[in-house]
Every structure is written in C-alpha cells, then in structure tokens.
Visitor: 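Take a look at this one; I'll ask things after.
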Amino acid sequence: MKQTLATLAALAAVGATSATAKKQLARQRQPNVILIMTDQHRFDYLGSVDSTIVTPHLDALASDGVRFANGYTSAPSSTPARAGLLTGQSPWHHGLLGYVPHIAAEYPNQLPQLMTDAGYYSYGIGKMHWHPQRSLRGFAATELDESGRVEDAGFVSDYRQWFARVAPGLDPDSSRIGWNEHAAGAYPLADTLHPTWWTGERAVRLIENYDRDRPLFLKVSFARPHSPYDPPRRFLDLYRGKSLAAPVVGDWDSTFSTRYTHDPRRNPEAPYGDFGAEYAQRSRKYYAANVSFVDEQVGRIVEALKARGLYDNSVILFVSDHGDMLGDHYHWRKTYAYEGSSHVPFIVRYPSGMKIRVRRGDVRDEVVELRDILPTFLDAAGVAVPEGVDGRSVLELLRNPKRTDWREAIDIEHSACYGPNTGYVALTDGHWKYIWFYNRGEEQLFDLSVDPYETRDVHASAEYAERLTEFRRRMAAHLAERGPQWVSPSGELQVLDPVSPRTPNFPQADK
C-alpha cells in the first residue's frame with residue numbers, strides 16, 4: 001500500500017511504532033544503488049590513471065566520489081569473478097577457483113535477492129553469465145546481452161531479439177572477430193546497433209520511466225571492452241595520432257614470446273606470444289576505443305539519473321570482472337595474477353546526504369575486491385550482512401578513513417587454464433605481490449611500489465629474502481583451511497596437480 005511522505009512523517013510524529021511504518025520510513029532513507037560494470041577492463045584504461053585514455057564520464061564519476069587505486073578481482077576470469085560479486089565470498093568459499101562455462105547453481109546469499117529483500121526494486125541489464133540464462137537470482141526482471149552465448153534450448157538474448165526487430169537481415173556478429181580473439185576491427189554497422197549502445201539505452205529507458213515507491217537497485221553490465229575489439233569508427237578517431245603505452249616486458253618473461261607462433265592468424269586466441277609492436281598497438285587502440293564507447297554510455301546513465309532526480313541519492317559503483325593483459329609480458333586475455341589481468345577499476349560515488357569523511361575526488365590505496373560490493377550495497381541499504389560473506393563494506397573506509405583494521409592483503413587465484421601447470425594463488429597488499437604456482441612449485445615476488453608492471457621478479461634476490469619468507473608464511477596461513485594437500489602440518493606449501501576449478505564449497509546442485 002502506497003503512502004505519501006507526509007503520511008509517513010505524520011505517523012512518525014505521533015509516535016507510531018508499527019513494524020510496517022518503521023520499515024517504510026527506513027526505505028525512504030535508503031539510497032538508490034547503481035552497479036555499472038564492464039567486462040575485461042584493466043585498471044589503467046581510465047583517463048584518471050592514464051591521460052591518453054578518453055573517459056571523461058568515468059573521470060567525472062571518480063571526481064564526484066572515490067577511486068580505489070588498488071581494486072582487484074580474486075579470480076580473474078568471467079564466471080569465478082562474477083560468483084564473487086554475486087555472493088560476496090572468496091573463490092574458495094563460493095567454490096570456483098577457475099573458469100567454468102557458467103554459474104549454474106543457486107547460492108544461499110545472492111546480491112539481487114538480498115537487495116530485493118532489503119526493499120529494493122532490483123533490475124539487471126546486460127551480461128549476467130549464469131545458468132539457466134533466464135534465472136533471476138532475485139531480480140524482478142533482466143534484459144540480457146550474453147555475447148552470443150546460448151546455453152539453454154531456444155535461448156535468444158533480449159539484445160538479439162531487439163536486433164532482429166530493428167535490423168532485419170543484418171548480422172549482430174558482423175564484426176567477424178571471435179569472442180576471445182585479440183584481433184581488431186571497426187564495427188561495420190550503425191553505432192546504435194552495437195551491444196554497448198543497446199545496454200546503455202536500456203538502462204537509460206529504465207531510469208527515465210522509473211516511478212516505483214521503492215529505491216532502485218540497478219545492475220548495468222556491459223559486454224565490452226572484452227573482445228571483439230570492435231568499436232565504432234568515431235571512437236577510434238579519438239585515438240588517431242596517439243601512441244598508447246606499449247606492452248611491458250620483464251626479466252622473467254622471454255620464454256612466453258616464443259610459446260606460440262608469431263603469426264596470430266594461425267591462433268587468433270593465443271594466450272601467449274610476441275605478435276609485434278604494430279599488432280599490439282592496434283589491439284590496444286581498438287580496446288581503448290571500446291572503453292571510450294562504454295564511457296559515453298556511462299555518461300548517458302548518469303545524466304538520466306540526474307534528470308529523474310535520482311542521482312543525488314544514489315550510490316554508484318563502477319567496476320570490472322577482470323582485466324586484459326593486452327600483450328604485457330607476452331600474455332594476452334586474462335586468468336593471470338599479473339596487474340593487467342587482476343587489477344581492475346573500482347570507483348564509488350556516494351550520495352549527497354551520506355555521512356562521509358573523505359573528500360570527493362580522493363584516491364584511496366586500501367586493497368578492495370569484488371567480494372566487497374555485496375556488503376557495501378547492504379551497508380548502504382541499512383541492512384545486516386549475512387553470515388558467510390567474506391567481503392567488507394568500503395563505506396566503512398569512507399566513514400572512517402583513518403581506520404587501521406582493514407585487510408592487509410587480498411588473495412588472487414586461478415586454476416590451470418591455458419595449458420597444464422599454470423594454476424596459482426597470489427597475495428597482494430597493493431605494494432607487493434607474491435605468486436605461488438602450486439602445480440610446479442615455483443614462485444614470484446614483485447615490489448609494486450617501484451615496479452608497478454612487474455618487470456623484475458625479486459624472489460631469488462637475497463635482498464628480499466625476509467620479505468619472501470613473510471609472504472610464504474602469509475600464503476600458508478591463507479591456504480591452511482584447505483587441508484594438508486595444500487599446506488603441510490609444518491606449514492610448507494605443497495606442490496599439487498591437478499586442481500579442480502570447483503571446490504568442496506561449490507553448491508551441490510551443480511556437481
């Protein structure tokens with residue numbers, strides 16, 4: 001039953017104590033919550049990090065909020081990363097250590113359902129990457145773009161149904177570049193047929209027509225800049241005459257340059273290889289143009305929120321599920337512990353009335369991760385975080401920026417993917433990164449404070465022996481709950497192979 005604010009105020013004034021009245025009063029104070037996410041968007045492809053990258057709207061969002069410089073994803077490929085976002089849990093606890101085709105099981109605690117239970121109208125637009133593909137997980141409704149993915153009999157995404165109506169006879173896959181290729185080409189159709197435009201347009205229309213008496217939880221999930229690198233020509237024009245940062249190389253990565261043929265046409269999805277400076281520069285420019293196209297849509301979404309009077313009372317969080325190596329260390333695509341793959345944008349814009357003790361535009365260096373999004377949103381909604389959630393609300397840091405009890409480091413891991421013996425677990429505090437390759441008993445250590453792109457592996461240097469010992473101890477403590485297969489009773493890290501991408505904690509329904 002709808003009640004006006006005046007009625008609710010009157011009820012409060014006369015001391016009404018009914019549970020219904022209290023709940024409605026609380027909901028009037030709840031902010032809208034807007035999650036905007038990209039797919040395969042590395043941390044440094046933001047104008048606020050690298051001025052070569054054209055992202056004025058994301059830069060403006062960061063200026064009106066806070067950018068966390070050390071935002072990470074703990075499982076840097078699509079489905080395990082999104083499981084962490086969905087549940088607020090670490091990879092071991094949500095049960096996915098690596099890529100599986102889709103998230104097919106329901107979890108006890110799922111972000112859309114928790115937001116709905118908190119009184120929100122929950123709506124999802126874009127890429128969800130779960131199964132069944134039409135499952136809602138607590139959303140009132142979804143409008144899907146699943147990048148051509150068909151996992152249920154008869155499934156056709158909302159984007160493709162729309163495309164067939166407005167562009168009969170044309171092909172939504174007309175870019176002719178595979179979903180995991182690093183080749184590049186301009187989008188051959190009108191901008192307004194591209195899935196990036198469709199996702200932004202559907203979000204704008206939802207906001208423009210939103211008239212419910214509940215706060216809005218909206219997830220807008222873009223399928224780009226993930227390949228295909230196929231931006232419209234006008235976004236490529238933004239990078240005409242520019243030279244983007246070239247892929248970095250280090251003192252440890254030369255063997256990866258020859259692991260695959262130097263002709264990417266023979267293996268256009270190659271995870272490793274030196275394909276030449278011209279090829280890398282082309283891939284990077286088209287990828288950057290994809291980022292700029294998404295940025296334009298973010299600007300449209302923000303303007304729609306302002307026009308409807310929703311912006312001032314909205315928490316807006318921008319993040320990506322993982323990054324893209326783009327040739328760094330002769331690595332391509334994702335799943336790696338290295339910065340290009342695991343380090344992601346993380347921007348939080350807070351409402352005007354929220355009691356925050358940091359300045360808008362600040363850059364924070366605490367380590368945050370996708371698991372922190374669920375508790376952040378529940379904190380904003382004013383409801384308790386359920387047991388079993390590993391993340392923490394980043395609003396805690398914004399309310400009390402001098403707190404000293406934030407996590408010291410975050411874990412990153414992925415089971416073997418692009419070949420055998422590539423499984424690893426890593427720890428980073430944003431200043432150092434330690435990587436344990438458990439399939440082959442090897443390790444790496446990087447001093448990110450002076451070597452932010454991991455060009456020098458210092459694990460074998462006597463100068464860093466004490467630091468290495470400390471990270472080995474931390475890693476043993478992190479892995480201890482997994483049992484003696486991972487850590488011996490005396491605290492030694494164990495070599496093991498194979499490791500399933502699913503842990504014993506993965507919901508039984510999909511085993």
Side-chain angles (χ1 to χ4, degrees), residues 37-41 76-83 85 99-104 124-137 139 141-203 219-232 235 264-265 267-271 283 286-287 289-291 293-294 297 320-324 332-335 417-418:
M37 66 181 298
T38 46
D39 196 320
Q40 203 158 304
H41 185 175
S77 67
S78 290
T79 49
R82 289 168 188 268
L85 172 66
Y99 182 81
V100 297
H102 46 247
I103 303 170
I125 296 173
K127 181 177 179 181
M128 302 297 134
H129 209 159
W130 54 49
H131 178 82
Q133 289 176 280
R134 290 289 177 190
S135 63
L136 295 176
R137 311 271 174 155
F139 282 122
T142 55
E143 298 180 55
L144 302 177
D145 167 34
E146 290 295 313
S147 301
R149 188 177 297 103
V150 177
E151 294 167 351
D152 299 335
F155 173 79
V156 181
S157 73
D158 298 285
Y159 164 69
R160 287 175 180 256
Q161 292 180 47
W162 168 86
F163 188 99
R165 290 195 302 273
V166 302
L170 296 182
D171 182 0
D173 299 321
S174 57
S175 297
R176 296 288 181 263
I177 302 171
W179 303 112
N180 285 305
E181 294 182 17
H182 29 74
Y187 189 64
L189 305 177
D191 298 9
T192 52
L193 294 176
H194 196 284
T196 294
W197 185 89
W198 178 87
T199 301
E201 176 70 7
R202 296 314 304 158
K219 175 183 177 182
V220 186
S221 179
F222 292 94
R224 301 292 191 277
H226 190 295
S227 45
Y229 306 152
D230 64 345
F235 291 96
R265 291 173 296 182
N267 187 354
E269 297 184 0
S283 293
Y286 281 67
Y287 174 90
N290 260 349
V291 170
F293 192 12
V294 171
Q297 303 310 306
S320 188
D321 59 347
H322 54 78
D324 190 322
W332 297 85
R333 301 169 60 184
K334 61 275 190 179
T335 75
C417 186
Y418 302 138

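Values below: all heavy atoms of this structure, side chains included; hydrogens, waters and symmetry mates excluded.
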Visitor: Atom CH2 in W198, atom CG in D145: separation rounded to 0.5 Å?
Guide: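 That separation rounds to 6.0 Å.
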
Visitor: Run the side chain to side chain contact (heavy atoms under 4.5 Å, CB included) test on V220 and Q297 for me, step by step, so that the C-alpha distance in whole Å, both residues' side-chain angles and the decisive distance to 0.1 Å come before the verdict.
Guide: CA-CA 10 Å; V220 186; Q297 303 310 306; over 6 Å; no

Visitor: From E143 CD over to E201 CD, what is the distance, rounded to the nearest 0.5 angstrom?
Guide: 10.5 Å

Visitor: Assess whether a salt bridge exists between R134 and D152, defined as any Lys/Arg side-chain N lying under 4.0 Å from an Asp/Glu carboxylate O.
Guide: no

Visitor: Quick one, P228 and W179 - any side-chain contact, counting heavy atoms below 4.5 Å?
Guide: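 SC-SC contact between P228 and W179 confirmed.
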
Visitor: Is there side-chain contact between W197 and L193, with heavy atoms separated by less than 4.5 Å?
Guide: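 Not touching, per the 4.5 Å side-chain cut-off.
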
Visitor: Please name the pair of heavy atoms, one in I103 and one in A83, separated by the smallest distance, quoted to 0.1 Å.
Guide: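 The pair with the smallest heavy-atom distance is CD1-N, 3.6 Å.
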
Visitor: Between the side chain of N290 and the main-chain N/O of S227, is any donor-acceptor distance below 3.5 Å?
Guide: no

Visitor: Walk me through whether D39 and R82 qualify under salt bridge (Lys or Arg N to Asp or Glu O under 4.0 Å).
Guide: CA-CA 10 Å; D39 196 320; R82 289 168 188 268; 3.1 Å; yes

Visitor: Compare every heavy atom of S135 with every heavy atom of W130, then report the nearest pair and how far apart it is.
Guide: NE1-O, 3.1 Å

Visitor: Taking side-chain contact (heavy atoms from CB on, under 4.5 Å) as the criterion, tell me which of S221, P76, S78 meets it with D321.
Guide: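 Of the listed options, the one satisfying the test is S78.
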
Visitor: What is the distance from atom NZ of K127 to atom OG1 of T142, rounded to the nearest 0.5 Å?
Guide: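 Nearest 0.5 Å value for the NZ-OG1 distance: 15.0 Å.
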
Visitor: Within the side chain of T79, is there an N or O that forms a donor-acceptor pair under 3.5 Å with the backbone of V100?
Guide: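 Yes; at least one donor-acceptor contact below 3.5 Å.
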
Visitor: To the nearest 0.5 Å, what is the distance between CZ (R149) and CZ (F155)?
Guide: 9.0 Å

Visitor: Excluding sequence neighbours, so at least two apart, what forms side chain to side chain donor-acceptor pair (under 3.5 Å) with T38?
Guide: H41, S320

Visitor: Can you find a heavy atom in the side chain of W162 that is under 4.5 Å from one in the side chain of R202?
Guide: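 No, side chains not in contact.
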
Visitor: Quick check: closest heavy atoms across Y187 and S174, and the distance to 0.1 Å?
Guide: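 Distance-wise, the nearest heavy atoms are CE1-OG, 4.4 Å.
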
Visitor: Please check if the side chain of H226 supplies one atom and the backbone of D324 the other of a donor-acceptor pair under 3.5 Å.
Guide: no

Visitor: Hey, mind stepping through E269 and N267 against side chain to side chain contact (heavy atoms under 4.5 Å, CB included) and telling me if it holds?
Guide: CA-CA 5 Å; E269 297 184 0; N267 187 354; 4.2 Å; yes

Visitor: Closest heavy-atom contact between A184 and S283?
Guide: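 Answer, listing the atom of A184 first, then S283: CB-CA, 4.5 Å.
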
Visitor: How about F163 and L189: do any of their side-chain heavy atoms sit closer than 4.5 Å?
Guide: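 Of all side-chain heavy-atom pairs linking L189 with F163, at least one is under 4.5 Å.
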
Visitor: Describe, in one word, how the ring planes of F293 and H194 are oriented to each other, choosing from parallel (under 30°), tilted (30 to 60°) and perpendicular (over 60°).
Guide: perpendicular

Visitor: Quick one: does Q133's side chain have a donor or acceptor within less than 3.5 Å of a partner on E151's backbone?
Guide: yes

Visitor: Look up atom CG in L136 and atom CE in M128, then write down how far apart they are to the nearest 0.5 Å.
Guide: 10.0 Å

Visitor: How long is the span from the OH atom in Y418 to the OH atom in Y99, to the nearest 0.5 Å?
Guide: 9.5 Å

Visitor: Keeping Y229 on the side-chain end and I177 on the backbone end, is there a donor-acceptor pair under 3.5 Å?
Guide: no

Visitor: I want to check something: taking the side chain as every heavy atom from C-beta on, are L144 and Q161 in contact at a cut-off of under 4.5 Å?
Guide: no

Visitor: Would you list the pairs meeting salt bridge (charged side-chain N to carboxylate O under 4.0 Å, His left out) in which at least one residue belongs to residues 220-230, sequence neighbours left out?
Guide: R224-D230

Visitor: Do W332 and N180 have side-chain heavy atoms sitting under 4.5 Å apart?
Guide: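 No, every pair of side-chain atoms sits at 4.5 Å or beyond.
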
Visitor: Please confirm whether the backbone N or O of F222 pairs with a side-chain atom of T199, one donor and one acceptor, at under 3.5 Å?
Guide: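 No; judged by distance alone, with no hydrogens or angles, the pair does not exist.
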
